[in-house]
There are 2 protein chains.
Amino acid sequence: MESEEARPRRRQARGERRMSEILDAAAAVFAEQGYEKTTTNAVAAAAGISPGSLYQFFRSKEAVAEALADRFTAQMRAAHGEAFAPADVAAMDLDELIDRVVDPLVAFNIANPGFKALFARPDMPPGLATAAGPIQSALLGRVEAILAVRSPGLSAPERTRSARVLVQIFQAMTPVVVAASAEEREAEVRELKKVLRGYLAPLDG
Amino acid sequence: MESEEARPRRRQARGERRMSEILDAAAAVFAEQGYEKTTTNAVAAAAGISPGSLYQFFRSKEAVAEALADRFTAQMRAAHGEAFAPADVAAMDLDELIDRVVDPLVAFNIANPGFKALFARPDMPPGLATAAGPIQSALLGRVEAILAVRSPGLSAPERTRSARVLVQIFQAMTPVVVAASAEEREAEVRELKKVLRGYLAPLDG
DNA sequence: AGAGAATACGAGCAATCGCTCGTATTGACA
DNA sequence: TGTCAATACGAGCGATTGCTCGTATTCTCT
């Protein structure tokens with residue numbers, strides 16, 4: 001019998017452009033309205049196309065969000081590059097280490113307001129959660145790797161738990177940083193770093 | 001002309017009981033499904049009544065959530081009583097102070113799983129936000145009052161900002177504590193307190 | 001140029017949800 | 001006991017939303 005699975009449609013350059021435009025529009029509308037409240041027709045309108053055209057490129061609203069998550073993941077990797085070398089991590093001053101990890105992440109969140117609006121919500125549909133998972137665990141793994149170097153006294157479960165706490169703190173305070181006015185923002189970032197530092201200092205070898 | 005405003009309907013004891021039952025059901029369903037996904041028919045079914053009956057007591061879904069918020073506020077006040085006397089706050093060891101503030105709050109959140117599921121969400125409808133506001137600002141005011149005693153060196157804006165950070169940390173980590181199994185919970189609370197302590201210690205007079 | 005695939009359109013379908021309404025039953029008070 | 005308000009019911013209305021479908025246009029490749 002013939003294969004049932006839909007082979008990926010052969011796209012023209014125009015189509016690729018359209019998909020990118022749709023994701024741009026989706027990011028903007030998601031950021032402003034939140035995932036649940038945004039209608040697919042609104043995304044299509046924001047992209048300047050008809051609802052039918054949107055569904056030429058994405059199977060569902062969820063598929064749009066998943067593709068957006070993939071794009072965010074790629075952008076994030078490109079923005080930070082690879083993790084630091086263990087030697088660097090061990091040598092760095094704690095404050096400098098925090099700066100080096102936090103600053104690019106903050107910058108990314110400011111540049112992409114749709115990011116947190118979508119992927120830090122407690123009510124993600126299953127498909128979205130699947131897409132957001134890798135983003136989260138990448139960050140978690142990176143923090144855990146740093147902890148392994150800086151705090152070798154920690155047991156593996158302790159290290160995991162501490163990493164989770166650190167990521168949680170970051171995610172909790174980021175929305176405030178992003179929402180802050182330009183003058184306020186610096187102060188908010190300082191607070192965020194103070195919290196991280198206060199938690200890390202006792203662990204730090 | 002006759003007054004247009006609906007005078008509050010004269011309730012029978014049975015009606016009061018029903019309203020309470022509806023709020024119980026709403027808390028349970030909200031906790032499990034979240035506010036948006038919860039249908040009013042589901043709340044009615046969980047309360048063992050018909051959709052029509054629910055609307056005999058509440059004008060709208062939002063009105064149910066508001067009433068639930070009011071009930072939570074009252075329960076919270078009853079649970080913690082008044083704030084500590086300034087003398088006590090000043091005399092206490094930092095660790096003990098944290099215990100005395102955090103432990104009852106954690107207990108309340110564990111006893112009322114619907115609470116955070118509703119009032120810590122970023123997508124609250126306007127009416128819900130209005131209802132949740134007092135809860136938030138009561139907590140904030142209390143923390144600020146403690147800071148005023150323990151850290152007199154802080155300027156008023158600094159005090160406000162620090163209080164907000166502390167509340168934010170608490171709210172970010174509470175869901176994990178509530179979701180944790182009984183064995184894990186103690187460890188999660190310890191982490192929460194470590195974070196608070198790490199941030200507070202440098203401020204503490 | 002001609003053919004077939006990709007892109008584009010937008011009215012409208014099917015399902016969902018908050019809420020209403022007509023009606024029936026129960027309770028309070030004289 | 002009689003009267004009226006309070007309580008209770010549940011089918012279904014009106015509006016919304018994710019998505020489809022028939023059709024028209026544009027692009028690619030030969």
Side-chain angles (χ1 to χ4, degrees), chain A residues 2 6-26 29-30 32-68 118 123-128 131, chain B residues 2-3 5-26 29-30 32-68 118 123-128 131:
Chain A
E2 179 64 3
R7 66 239 149 132
R9 186 182 188 134
R10 203 179 136 270
R11 301 263 176 229
Q12 308 185 228
R14 183 176 34 147
E16 301 282 358
R17 241 179 296 130
R18 271 273 182 265
M19 289 181 74
S20 184
E21 287 166 11
I22 292 169
L23 293 185
D24 291 342
V29 182
F30 283 154
E32 195 186 345
Q33 314 259 2
Y35 177 77
E36 310 278 8
K37 279 192 180 177
T38 58
T39 71
T40 54
N41 285 16
V43 172
I49 63 175
S50 76
S53 291
L54 188 151
Y55 284 91
Q56 298 265 352
F57 300 102
F58 298 100
R59 273 176 300 109
S60 65
K61 178 182 176 180
E62 207 176 280
V64 174
E66 284 178 46
L68 192 55
L118 256 192
D123 61 338
M124 290 186 217
L128 240 188
Chain B
E2 181 61 4
S3 164
E5 65 206 43
R7 70 249 152 112
R9 186 180 188 138
R10 204 179 134 266
R11 300 266 175 228
Q12 306 183 202
R14 181 174 39 145
E16 301 282 357
R17 240 180 296 131
R18 272 274 183 264
M19 290 182 73
S20 184
E21 287 167 11
I22 292 170
L23 292 184
D24 291 342
V29 182
F30 283 155
E32 194 186 346
Q33 314 259 1
Y35 177 78
E36 309 278 6
K37 282 192 179 176
T38 304
T39 71
T40 54
N41 285 18
V43 172
I49 62 175
S50 77
S53 291
L54 188 152
Y55 284 91
Q56 298 264 354
F57 300 102
F58 298 98
R59 272 176 303 110
S60 65
K61 180 181 176 179
E62 208 176 278
V64 174
E66 283 178 46
L68 191 55
L118 257 191
D123 61 337
M124 288 186 219
L128 240 188

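No experiment lies behind these values; they were computed from the predicted model shown. Each chain gets a letter, A, B and so on, in the order its sequence line appears, and its residues count up from 1. No hydrogens, no waters, no symmetry mates; every other heavy atom, side chains included, goes into these values.
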Undergrad: For B:Asn41, enumerate each residue passing the side-chain hydrogen bond (donor to acceptor under 3.5 Å, both in side chains) test, keeping only those at least two apart in sequence or located in another chain.
TA: none

Undergrad: Could you tell me which residues satisfy side-chain hydrogen bond (donor to acceptor under 3.5 Å, both in side chains) with B:Gln56, sequence neighbours excluded, listed by chain and number?
TA: B:Arg9

Undergrad: Which heavy atom of A:Ser60 sits nearest to which heavy atom of A:Tyr55, and what is that distance?
TA: CA-CE2, 3.9 Å

Undergrad: Would you kindly give the CZ-to-P distance between B:Phe58 and D:dA8, to the nearest whole Å?
TA: 12 Å

Undergrad: Please tabulate, one pair per line, all N/O donor-acceptor pairs under 3.5 Å involving side-chain atoms of residues 14-23 of chain A, not counting sequence neighbours.
TA:
{"from": "A:Arg18", "atom 1": "NH1", "to": "A:Glu21", "atom 2": "OE1", "distance (Å)": "2.6"}

Undergrad: A:Ile49 CD1 to D:dT25 P: how many Å, rounded?
TA: 19 Å

Undergrad: Heavy atoms only, 4.0 Å cut-off, all strands: where does A:Leu54 land among base, sugar-phosphate and nothing?
TA: nothing

Undergrad: Please tell me which of the listed nucleotides, D:dT17, C:dA8, D:dC9, lies nearest to the side chain of A:Thr39?
TA: D:dT17

Undergrad: If I take atom NZ in residue B:Lys37 and atom C1' in nucleotide C:dG18, what distance separates them, rounded to the nearest angstrom?
TA: 18 Å

Undergrad: Under 4.0 Å between a side-chain N or O of B:Arg11 and OP1 or OP2 of D:dA6?
TA: no

Undergrad: In whole Å, what is the span from the CD atom of A:Glu16 to the P atom of C:dA5?
TA: 19 Å

Undergrad: Of all heavy-atom pairs between B:Leu68 and B:Ala26, which one has the smallest distance, and what is that distance?
TA: CD2-C, 4.3 Å

Undergrad: Nearest whole angstrom, please: distance from the C1' of D:dA8 to the CZ of B:Arg17.
TA: 14 Å

Undergrad: B:Ser50: what forms a side-chain contact (heavy atoms from CB on, under 4.5 Å) with it, not counting sequence neighbours?
TA: B:Ser53

Undergrad: Using rotation axes that map the C1' atoms of four end pairs onto the next four (five pairs an end), what angle separates the end axes of the helix from C:dA1-D:dT30 to C:dA30-D:dT1, to 10°?
TA: 10°

Undergrad: By side-chain contact (heavy atoms from CB on, under 4.5 Å), which residues pair with B:Glu66, not counting sequence neighbours?
TA: B:Glu62, B:Ala131

Undergrad: Generate the contact string for nucleotides 19-30 of chain C. Rules: B means base contact, S means sugar-phosphate contact only, - means no protein heavy atom under 4.0 Å.
TA: BB------SSS-

Undergrad: Please give me the minimum heavy-atom distance between B:Ala63 and B:Phe58, naming the atom from each residue.
TA: O-CD2, 4.1 Å

Undergrad: Nearest-Å distance, CE (A:Met19) to P (C:dT7)?
TA: 9 Å

Undergrad: With sequence neighbours left out, what residues match A:Gln33 under side-chain contact (heavy atoms from CB on, under 4.5 Å)?
TA: A:Val29, A:Lys37, A:Thr38

